[in-house]
Amino acid sequence: MKTLITGASSGLGAEMARQFAALGHDLALCARRVERLEELRAEILAAHPERTVVLRALDVDDHDAVFRTVREIDAELGGLDRVIVNAGIGEGAPIGTGRFDANRRTLVTNLVSALAQCEAAMEIFRAAGRGHLVVVSSMSALRGMPGSMAAYAASKAGIASIAESLRAELIGQDISVTTLFPGYIRSEMNEKAAPTTPLMASTSDGVRAMVRAIESGAGEAIVPAWPWRPLAVALRHAPLRLVRRFA
Ligand SMILES: NC(=O)c1ccc[n+]([C@@H]2O[C@H](COP(=O)([O-])OP(=O)(O)OC[C@H]3O[C@@H](n4cnc5c(N)ncnc54)[C@H](OP(=O)(O)O)[C@@H]3O)[C@@H](O)[C@H]2O)c1
């Protein structure tokens, strides 16, 4: 299995790389902080010397570079089997408070740039007639979220919608699409935001649930299942005054 992961320089992406390498996958790892990728590659090859790990410096907001990089890696590895659209940012501010820049950045990276990654991956998969596209959405996609979460929630709802559209289109074909809806999993993104919440899974446990869901080929998965699956049911139906306490 040959798997490309964007946003592999930290958090969930880096840990997915470690866990997929342990499962015997060859990897293509992309992010802007290429020195982090080099450290991760050294760590993975020390544990699994038989693996192939290729690296690319990639800013996913450079959309031409996204297409170029995915095509190059596909050629270099002799065909990609899976692309995991994981790169994302958690910036944002309440709407109308002078921070359109931060909210726009979140929509661009998490939605428009994620679409670019889906387009690039799907071109490869359509040509090959097979492949597995994975998008990392969020529990916050399930409802509108107040304050600084508004743009982030919209971006994650948007990419989940695009993935579902593809799933509908591809029924009966050998190209599958998985959407992950992670709850709180320890990473750089949330290490300052919610240091004490008891709902926070460790990076390794949370990513183990993500990897299991990806390997199962599920269309959608809320991860980790506990406590997030029951919370998702509650969240989908809760009145807004309760939803606002979730953010
Ligand atoms: N952790 C959670 O609780 C949680 C919950 C739900 C969803 N998610 C989603 O999971 C994904 C991974 O986040 P994380 O929690 O692991 O956060 P993280 O530790 O901050 O990692 C984010 C990754 O995205 C990359 N990235 C950000 N902007 C990029 C850009 N313009 N170009 C290329 N790469 C970029 C970063 O790499 P560079 O900075 O090196 O480029 C980094 O590797 C995100 O999509 C996030 O929204 C996380």
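Remember, it's 1-based here, ligands and their atoms both numbered in the order they're listed. In this chain, numbering begins with 1 at the start of the sequence shown.
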Nearest non-hydrogen protein atom, [atom]:
{"atom": "atom 17 (O) of ligand 1", "result": "Met189 CB, 3.3 Å"}
{"atom": "atom 15 (O) of ligand 1", "result": "Ser187 OG, 2.5 Å"}
{"atom": "atom 11 (C) of ligand 1", "result": "Asn86 O, 3.1 Å"}
{"atom": "atom 25 (C) of ligand 1", "result": "Gly7 CA, 3.5 Å"}

Purely on distance, is any nitrogen or oxygen of [X] under 3.5 Å from one on ligand 1?
{"X": "Asp59", "answer": "yes"}
{"X": "Ile89", "answer": "no"}
{"X": "Arg33", "answer": "yes"}
{"X": "Val60", "answer": "yes"}
{"X": "Asn110", "answer": "no"}
{"X": "Glu188", "answer": "yes"}
{"X": "Ile185", "answer": "yes"}
{"X": "Ser138", "answer": "no"}

(message) Would the distance check show the side chain of Arg41 and the main-chain N or O of Val53 forming a donor-acceptor pair, the cut-off being under 3.5 Å?
(response) yes
At the 4.0 Å heavy-atom cut-off, does [X] count as touching ligand 1?
{"X": "Gly183", "result": "yes"}
{"X": "Thr6", "result": "no"}
{"X": "Cys30", "result": "no"}
{"X": "Phe181", "result": "no"}
{"X": "Met200", "result": "no"}

(request) Could you check whether the rings of Tyr184 and Trp228 sit parallel, tilted or perpendicular, using 30° and 60° as the cut-offs? (result)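 It falls in the perpendicular class, over 60°.
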(request) May I ask you to list the atoms of ligand 1 that are less than 4.0 angstrom from any heavy atom of Leu58? (result)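 Selected atoms, number and element: 32 (N), 33 (C).
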(request) Would you tell me whether Thr179 and Glu220 have side-chain atoms, one donor and one acceptor, within less than 3.5 Å of each other? (result) no
